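Just so it is clear, the model here is predicted, and its values are computed rather than measured. Any value given below was found using the heavy atoms of this structure, including those in side chains, with hydrogens, waters and symmetry copies removed. Letters A, B, ... are given to chains in the order of the sequence lines, protein chains preceding strands, and every chain is numbered from 1.
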Amino acid sequence: MKRVNLFAWIIFILGIIYFFLPLFSTFEFSLRMKKGVYSFEAYRVAFQDPKFYYNFGYSVLWAVLTILFSLILVVPTAYWVHWRLPKARPIVEFITLMPFVTPAVVLTFGLIRLYGSPPLVLTSTPIPLIAGYIVLSLPYMFRSVDAGLRAIDIRTLTEAALSLGAGWGTIITQVIFPNIRVAILSGVFLTFAIVMGEFVFASLLSWPAFATYLEEIGSMRAYTPQALSLMSFFITWSMMMLIQWLGRGAGRAEEIAVGH
Amino acid sequence: MLGVVKNIETRQKEGGASPARPQRFGSDWMAWLGLLPFLIFAVMFLFLPSASIVVRSFQDRSGNFTFDNIIALFTVKDIINAYRTSLTISFITAVGGGIFGFLLAYSVIMGGLPRILRSFLLTFSGVASNFAGVPLAFAFVATIGNAGLVTRLIEDLLNVDIHAKGFTIYNIYGLSVVYMYFQFPLMVLIMAPALDGLRREWREACENLGGTEIHYWRYVALPILMPTLLGTMILLFGNAFGAYATAYAFSGSFINLVTILIGAQIQGDVLYNPGLGNALALGMIIIMSLTMVGYVSLQRRASRWLK
Amino acid sequence: MAFLEINNVSKYFGKTTAVKDFDLKVEKGELVSFLGPSGCGKTTTLRMVAGFEVPSEGQIIIDGKDMTFTPPNQRPVGMVFQAYALFPNMTVAGNIGFGLKIAKKPKEEIEQRVKEMLELIHMPGFENRYPHQLSGGQQQRVALARALAMHPEVLLLDEPLSALDAKIRVSLRAEIRAIQQELGITTIYVTHDQEEALSISDRVVVMNNARIEQVGTPFQIYNFPQTEFVAQFVGTLNAVLAEIVDVKDGLLRFDGQQVHTADKLEGYRNGDRIMVAIRPERLSFAHEGRKANILTGTIKNITFLGSIVRIQVKLGESVFYMDTFNNPYLTLPNIGDPTEITCSKEAVLVLQQQPA
């Protein structure tokens, strides 16, 4: 048993090194802008660039739009599949798997070819970009919401609400939404993390975004890209922590409910 | 039969079929109407773009039917090389990331490590598997690039210049090391619940029947995990195959991945005709579809065994 | 010497005591049940016999050999688990033959043995099915065959029927008992279902709070429970705290009622309070003219249970269950009617107080 344990420790430590060495190296690298001393000069320079705010602001805007339309699209659909159309589940699940089959590059290629010329020209609008982001986050968003709906037995709740005379507006806002809030927020944060780091769509469809800005300065400067990479990592990390924290909160809420 | 008493007890069939779902109000097509927004979105932004790629792969510049683009896929040297490079990297990182990810998941789930390390690793895997693209590329430049921390440390401590010895992150092996950063955490995330699904009873039944730890892994645990293991590796394969940003961010590199070629087509480096770009994308869709079919069917098998 | 000896075994997990001073001798060919609520230590004791847990104190001896510290894969013991313990990746034949394959037996011998075992469990022809294609009951029968394929000297069953439907449980437990008697294999059967324990065992060990409460035949356990716990746990029971009116005469009083008991009240004094119990089936309506052991009350409720009818009778503050056999000509009283019920002196059992 002792040897197995030692093996486990070795693998674990290797894993931790693989995780943290690049992060630590990036941090160390970002501090070396001034010759001979460690300083936060790279961060100062990075945050002084007005183009940083311009691009970062656009990424936030894309993320918000994506989340908004993704929710409008996914939540009612997932709810409908649970409540009225369980037999449509295979179709919807197949669609949510499609983004794996058509990677971002391929999808962009198709979108540009399709909507770059008449009859329907969309490439001058951000619609293909947002659509691409929605497709990209679709598996995560759908799965979060789907899991949330599954956990609360949506049929019974809806039927109970209907039998008590509730209208559809009341059911959605008062019954369904509060019960799957945590699941929806998980999907929201994950989508935010994905869109903030996404490069392919923005780059190939030529829209400003944080990742394309990062790539651009990467080819021109040293040190500041590392500072911003680290920032990007912490955005992802904090979104994941938020999701975890939410999940834990949900567990606690359940305990409280059981305690009654 | 004379003189034979039958003791009749009420018997009940086991595991009867679940009762049929009650029919709900409203007709069927009304219900499908509720799905319409989602379906329209999927058709406009998933199926039509994909279908147009398929159709245009078989068209020449003036829209006439041709096999030339498909033939070019298998004859133009740059394209063959791009596919070979993409497939190689995907294979290396799927197998490598798969094995290492599995061992890591095994270590925290079954290796007797403190429980806190387990939730720590799972959280971190969630972050790392989503940390790809441009920032990841820069992180590795800072690590094992020409002036990276590890490169300098090895030079200072061991007096070896790894880049002079032929190592570089700008070739397929270097890129594989980078890809591994998001590959093995994904494996950990999928394998951890699968390992949790191994029931204690299986191990004990094996022991009870005279088996050792080795028998258990050889005849029971590994065969049970195999569909998940292979399925996830296929998923990793597709994950690497579709990746674009990381390789692109290593500007000045000459790693010609399929995705990079397609990207170049979009950005107007008109090296080939547009039909060829479609054929490239079609090849990608086919390979990704195959990995998806493989993944889904193995996943189905796994879920039958691991409930 | 007994075939399986569990000698004064205790097991502690950190500060909690899972099993304390468990002492039992099992004869060859005997089927002994461990009966008790969950967490009483019965499964832990079984797992110590199987070798999955090592006792903190005491010994486990199988066929004269001390096996306290023998690893599980070297014990002549076959085990059937609660549920889902079949290897899902192997066919029925693969599962049953697994132990023999590990033991490197020749292929023909394994095939032969698998066939025999499938005959034994009445599932011939199921060789190539996978566990997920079988019903729960079939899975447990295969699990039994797998445990028996190695010719174990002791068979251990850990709540093998608890995941199954009620009806299947009844038929399968009879089948298990038949197979056990056919093979004459020494068997320990863990269950929390008292009916199951009573119906298939040669002897029953009732456990509670890590300790043995009582060991005896099903007949003894049911009819002569020695402790309040056993009386409460096994079967339905009317238990009531009574005051001793007359030690010599065995006269007791509760709720304004007086009953006699046939049990000796040695060591008690008049005025002491003791726990007494009466089984519902020993109570009946009092015939007119009967004087002794009459309890007067009112009918509170009547429940029809098929072969029996359970009548709740309110006696002062307490409610007694009375069971009577059903027959089509039964005239049942109305709820709220005053009534007199009775039982023999022997039916009034004096229970030991729980050791503090």
Fill in: Region of Phe241(B) in contact with chain A, defined by heavy-atom distances below 4.5 Å
neither
Discussion item. Can you tell me which portion of Phe94(A) sits under 4.5 Å from chain B's heavy atoms? Options are side chain, backbone, both or neither.
Written reply: side chain
Worksheet item: What residue pairs, at least two apart or across chains, pass salt bridge (charged side-chain N to carboxylate O under 4.0 Å, His left out) with a residue in residues 276-291 of chain B?
Response: none
Worksheet entry | Heavy-atom contacts under 4.5 Å, residues 72-82 of chain A to chain B | Leu73(A), Thr77(A), Trp80(A), Val81(A)
Worksheet item: What part of Leu138(A) is in contact with chain B, defined as an atom under 4.5 angstrom from a non-hydrogen atom: side chain, backbone, both or neither?
Response: side chain
Worksheet item: Hey, which of Trp237(A), Phe20(A), Tyr18(A) is the one that makes ring pair (Phe, Tyr, Trp, His ring centres under 6.0 Å) with Phe124(B)?
Response: Phe20(A)
Worksheet item: Heavy atoms, side chains only, cut-off 4.5 Å: are Val134(B) and Tyr213(A) in contact?
Response: no
Worksheet entry | Main-chain N/O of Leu149(B) paired with Glu28(A) side-chain donor or acceptor, under 3.5 Å | no
Worksheet item: Of the backbone (N, CA, C, O) and the side chain (C-beta and beyond), which part of Val258(B) lies under 4.5 Å from a heavy atom of chain A, both, or neither?
Response: neither
Worksheet entry | Interatomic spacing from OG in Ser50(B) to CG in Leu114(A) - rounded to 0.5 Å | 10.0 Å
Worksheet entry | Side chains of Leu14(A) and Leu103(B) in contact at under 4.5 Å (non-hydrogen atoms) | no
Fill in: Considering all heavy atoms, the nearest Phe100(B)-Ile11(A) contact
CZ-O, 4.1 Å
Fill in: Contact origin within Phe140(B) toward chain A - heavy atom pairs under 4.5 Å
side chain
Practice prompt. Decide yes or no for Arg113(A) and Ile53(B): does some side-chain heavy atom of the first lie under 4.5 Å from some side-chain heavy atom of the second?
Written response: no
Worksheet, complete the sentence: On a heavy-atom basis, the closest approach of Arg32(A) and Ala147(B) is NH2-O, 3.1 Å
Fill in: chain B contact via Ile10(A) - which portion, at a heavy-atom distance below 4.5 Å
neither
Discussion item. Can you tell me which of Thr236(A), Ile95(A), Leu122(A) forms the most heavy-atom pairs within a distance under 4.5 Å of chain B?
Written reply: Ile95(A)
Fill in: Nearest-0.5 Å distance that lies between atom CG in Leu117(B) and atom CD1 in Ile16(A)
7.5 Å
Response to the item:
When the 4.5 angstrom heavy-atom criterion is applied to Ala131(A) and chain B, the contacting part is both
Worksheet, complete the sentence: Closest heavy-atom pair, Leu35(B) versus Ala88(A), reported as atoms and distance to 0.1 Å, is CD2-CB, 3.6 Å
Discussion item. Does Leu23(A) form a side chain to side chain contact (heavy atoms under 4.5 Å, CB included) with Tyr181(B)? I'd like the steps, not just the answer.
Written reply: CA-CA 11 Å; Leu23(A) 294 181; Tyr181(B) 193 83; 3.8 Å; yes
Fill in: Contact check, side chains of Leu190(A) and Asn130(B), non-hydrogen atoms, under 4.5 Å
yes
Fill in: Heavy-atom side-chain proximity of Trp9(A) to Ser107(B) below 4.5 angstrom
no
Response to the item:
Met44(B) and Tyr115(A) have their tightest heavy-atom pair at O-OH, 2.7 Å
Fill in: Sequence neighbours excluded, every pair satisfying side chain to side chain donor-acceptor pair (under 3.5 Å) that has a member inside residues 284-297 of chain B
none
Practice prompt. Can you establish whether the number of heavy atoms outside Ile214(B) located under 6.0 Å from its atom CD1 is more than 12?
Written response: no
Discussion item. At a 4.5 Å cut-off on heavy atoms, which part of Thr259(B) comes close to chain A: side chain, backbone, both, or neither?
Written reply: both
Worksheet item: If you round to the nearest 0.5 Å, how far is CG of Leu122(B) from CE of Met240(A)?
Response: 13.0 Å
Worksheet entry | Spacing of CZ belonging to Arg84(A) relative to CH2 belonging to Trp32(B), to within rounding of 0.5 Å | 12.0 Å
Discussion item. Test of understanding: with side-chain hydrogen bond (donor to acceptor under 3.5 Å, both in side chains), list the residues that count as partners of Ser30(A), not counting sequence neighbours.
Written reply: Tyr43(A)
Discussion item. Counting heavy-atom pairs under 4.5 Å with chain B, which one of Ile194(A), Val92(A), Leu230(A), Leu228(A) comes out on top?
Written reply: Val92(A)
Worksheet item: What are the two closest heavy atoms between Val150(B) and Ser25(A), and how far apart are they?
Response: CG2-OG, 4.5 Å
Worksheet item: Between Phe184(B) and Phe19(A), is the gap from one ring center to the other below 6.0 Å?
Response: yes
Discussion item. Between Gly126(B), Gly133(B), Ser119(B), who has the most heavy-atom pairs with chain A when the cutoff is under 4.5 Å?
Written reply: Gly126(B)
Fill in: Among the listed options Ile91(A), Ile112(A), Val135(A), the residue most often paired with chain B at heavy-atom distances under 4.5 Å
Val135(A)
Discussion item. Is the distance from the ring center of Phe69(A) to that of Phe41(B) below 6.0 Å?
Written reply: no
Fill in: Contacting region of Leu290(B) [heavy-atom separation from chain A under 4.5 Å]
neither
Item to complete: Quick one: pull up OG1 in Thr123(B) and CE in Met241(A) and give me the separation to the nearest 0.5 Å.
Response: 5.5 Å
Fill in: Among Ile235(A), Ile134(A), Thr108(A), residue most engaged with chain B (heavy-atom pairs, under 4.5 Å)
Ile134(A)
Response to the item:
side-chain contact (heavy atoms from CB on, under 4.5 Å) with Phe138(B): of Leu214(A), Thr224(A), Thr26(A), only one passes, and it is Leu214(A)
Fill in: Shortest non-hydrogen separation from Glu215(A) to Ala249(B) and the atoms involved
CG-CA, 4.2 Å
Fill in: Segment of Arg152(B) engaging chain A (4.5 angstrom heavy-atom cut-off)
side chain
Worksheet item: Relative to chain A, which segment of Leu48(B) carries a heavy atom at a distance below 4.5 Å: side chain, backbone, both, or neither?
Response: both
Fill in: Greatest number of heavy atom pairs closer than 4.5 Å to chain B - which of Ala104(A), Pro103(A), Ser229(A)
Ser229(A)
Discussion item. Only pairs of heavy atoms separated by less than 4.5 Å count here; which of Val177(B), Ile260(B), Leu282(B) has the most with chain A?
Written reply: Val177(B)
Discussion item. Which one wins on heavy-atom pair count under 4.5 Å against chain B: Thr212(A), Leu120(A), Leu204(A), Ile127(A)?
Written reply: Leu204(A)
Discussion item. Once rounded to the nearest 0.5 Å, what's the spacing between atom CZ of Phe109(A) and atom CE of Met284(B)?
Written reply: 12.0 Å
Practice prompt. Dump the intermediate steps for side chain to side chain contact (heavy atoms under 4.5 Å, CB included) on Met292(B) and Leu97(A), then the final yes or no.
Written response: CA-CA 8 Å; Met292(B) 225 45 230; Leu97(A) 278 179; 3.6 Å; yes
Discussion item. Quick check on Arg89(A): does its CZ atom have over 12 non-hydrogen neighbours (other residues, nucleotides or ligands) under 6.0 Å away?
Written reply: yes
